[in-house]
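First up is the structure itself, then whatever we jot down about it.
Fair warning: this is a prediction, and the values are worked out from it, not measured in the lab.
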Amino acid sequence: MKKFLTFFAVIFFSFAFAYSSSYSYEDLCKKVFENHPELLKLQEEYSRALLDVRDAKAGLGPTIDLTVSGTYMVNPPVDAVYLNVDDIINAISWPSWVTPSSTGQYIKIYDGMENTYYNFALELTQPIWTWGKLTNAVKLYEMVAQIKETEILSKQKEIETELETRLVTLTYLQRILETLEEEKVYAKRMVEVSENAEKSGMLLHQNVVDAKLQAKQLEMVQVEVNEQCEDQLLELERISGIENLTIGDIDFEIDEEWFTELLSQDRELLTLKALSDNQLTIKMLSLLKEVNALALKISKGYENWKPDVALKLSTGYGGYRFPLLEENWLRKDDYSLNVTLGIKTTIWDGGKKLNDVARKKSEEKTTDVNKLDARTTIKKTLSSKLKEADLCTLKIEYQELKIESAESKISQAETVFKSGYGSETDVLSAKIDRSNEEIEKIKQQLTRAVACMTVLYLTE
C-alpha cells in the first residue's frame with residue numbers, strides 16, 4: 001500500500017510540476033526558433049539553395065542517358081524470302097547438249113523479321129569548355145546559399161529582439177495595470193466621499209460627476225491596457241507555438257541597469273559597430289554584390305562568338321534479341337560506338353546577350369547604391385534611437401521628481417486632514433496624481449527600453 005501511495009504521489013507531483021512550470025526567456029527563445037513561421041520558411045529556402053549548389057556542381061560532370069526500348073510486332077513488315085530454283089538454273093549458260101529440267105522447287109534464303117525488336121542506346125556528354133559559365137554558376141549558387149544562411153542568422157537575431165521587446169512591453173504593461181488598480185481604489189473612494197459630501201451640501205453635483213468621470217476614464221484605460229497585454233500574449237503564442245499562454249506562465253525580469261550601461265557607451269564606437277562589415281545586413285549586401293559580379297561573368301560567357309565545346313560518347317545496339325543472345329551477333333554488326341566533338345555558339349541574336357550584360361552591370365551598380373543607402377539608414381536609425389533613449393532618461397528623472405513632489409503633497413494633505421482642517425478628497429486627489437505620474441514614468445521606461453533594444457540589435 002505504501003508503494004502504491006508513493007507511486008501515486010510521484011505521478012501527481014510530476015503532472016503538477018509539468019502544468020505549473022513557467023517559461024524563461026531562453027525557453028521561449030528556443031520555442032520561437034522551432035515554431036516561428038518566417039524562420040521555418042527561410043530554413044526551407046536555405047535547404048533548396050543547397051540543392052541548387054549540388055545541381056550546379058553536377059553540371060561540371062558528365063551527363064549519362066540510357067534509352068531502352070522493346071517492340072513486339074504482331075505482323076512483321078518483312079516476310080520470309082524464297083528463291084525459285086528454276087530461275088537459278090535458267091540463269092546458267094548450259095552447253096547445247098545439256099537441257100536442264102524444271103524442278104518447281106523453292107529455297108528459303110531469309111526467314112523474315114522476327115516479332116520482337118530491341119534497341120539500346122547509351123550516351124555520355126561531358127562539357128569541356130564553357131567560358132567559365134559552369135564554374136561561375138557553382139560559385140554563384142554557393143553565394144546565394146550563404147546569403148540564405150545569413151538571412152537565417154539575421155532573422156534569429158531579429159526574433160530574439162522581437163521576443164525580448166514583447167516581454168519587456170508585457171512586463172511594463174503589467175506594472176501599469178497594477179498602478180491603475182491602485183488608482184481605481186482611490187477613484188472609487190473619491191466618488192463615495194463626493195457623493196456623501198453632496199448629500200451634506202458640502203460639494204456641488206458637478207464635483208461628483210467629475211469624480212465619476214475620472215473613475216470611468218480609469219476603467220477605459222485599464223481595458224485598453226488589458227487589450228494590449230492580450231495582443232502581446234497572442235503574438236507570443238503565434239511565434240512560439242505555445243497554446244493558452246498566460247502572463248503567469250512567463251518568468252522574465254527586466255534588467256534596468258543594462259539600459260544605463262548601454263547608453264553610457266561611447267557613441268562613435270557604437271556607430272562603428274553598427275556600420276561594420278560583420279553586421280548581418282551589411283554582410284548580406286556585400287554577398288549580393290558578389291552574386292551580381294558572378295552573374296555578370298556568366299552573362300559575358302554567353303556573348304556572341306564564344307563557342308561552348310562538349311564531348312559526346314554514344315554506344316548502341318539494335319536487333320531482334322537481347323545483346324549477346326542473338327545468333328551470329330558479332331557478324332551481324334548490330335552494335336555501334338560513336339565519338340562526337342560538338343561546338344555551339346551564337347553568331348547574332350539581335351543584341352539580346354549584349355543587353356543582358358548591360359543589365360547585369362546596372363544591377364551591380366544598384367547593389368552599391370543599396371549598400372550605401374543601408375549604411376545611411378542604419379546610422380540615422382541608431383542616432384535617432386540613442387537620442388530617444390537619452391530623452392526618455394531625462395523624462396524618467398523628471399517624473400521621479402514629480403513623484404517625489406506628489407509624495408510630499410500627499411503627506412501634507414494627510415497632515416491637514418488629520419488635523420481636521422482638510423478634506424479626504426484632497427488626500428485622494430493627491431494620491432491619484434501620484435499614480436498618474438508613476439504611470440507616465442513607466443511609459444517612458446518602456447519607450448527607453450524599446451529604443452535600447454533597437455540599438456542593441458543594430459550594434460550586436
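Between E460 and Q279, the side chains place no donor N or O within less than 3.5 Å of an acceptor N or O (distance only, hydrogens not considered). Using a 3.5 Å distance cut-off with no hydrogens or angles, the side chains of T246 and D249 do pair a donor with an acceptor. Defined by atom type and a distance below 3.5 Å, a donor-acceptor pair is missing between the side-chain atoms of Q265 and E261.
With sequence neighbours excluded, the residues that form a salt bridge (Lys or Arg N to Asp or Glu O under 4.0 Å) with K212 are E195. Partners of R175 by salt bridge (Lys or Arg N to Asp or Glu O under 4.0 Å), not counting sequence neighbours, listed by chain and number: E256. In terms of the salt bridge (Lys or Arg N to Asp or Glu O under 4.0 Å) criterion, residue partners of E424 (sequence neighbours excluded) are, by chain and number, R189. For S299, the side chain to side chain donor-acceptor pair (under 3.5 Å) criterion is met by D356, not counting sequence neighbours. Shown here are the salt bridge (Lys or Arg N to Asp or Glu O under 4.0 Å) partners of E142, two or more places apart in sequence or in another chain: K57. Among residues two or more places apart in sequence or in another chain, the side chain to side chain donor-acceptor pair (under 3.5 Å) test is passed with K273 by none. Residues satisfying the side chain to side chain donor-acceptor pair (under 3.5 Å) criterion with K139, sequence neighbours excluded, are absent altogether. Residues meeting the side-chain contact (heavy atoms from CB on, under 4.5 Å) test with I64, sequence neighbours left out: L122, L124.
For residues 278-301, every residue pair satisfying the salt bridge (Lys or Arg N to Asp or Glu O under 4.0 Å) rule, not counting sequence neighbours, is listed here: K289-D368. Residue pairs meeting the side chain to side chain donor-acceptor pair (under 3.5 Å) criterion with at least one partner in residues 231-241, sequence neighbours excluded, are R166-Q232, E235-R238. For the salt bridge (Lys or Arg N to Asp or Glu O under 4.0 Å) condition, the pairs that include at least one residue of residues 31-41, sequence neighbours left out, are E38-K155. Within the structure, every pair that satisfies the ring-ring contact (aromatic ring centres under 6.0 Å, His included) test and touches residues 123-166, not counting sequence neighbours, is listed here: W129-W131.
Salt bridge E414/K431: present, at least one basic N to carboxylate O contact under 4.0 Å.
Of the possible donor and acceptor atoms, none in the side chain of E123 sits under 3.5 Å from a partner among the backbone N and O of S314. Between the S411 side chain and the S408 main chain, no donor and acceptor come within less than 3.5 Å of each other.
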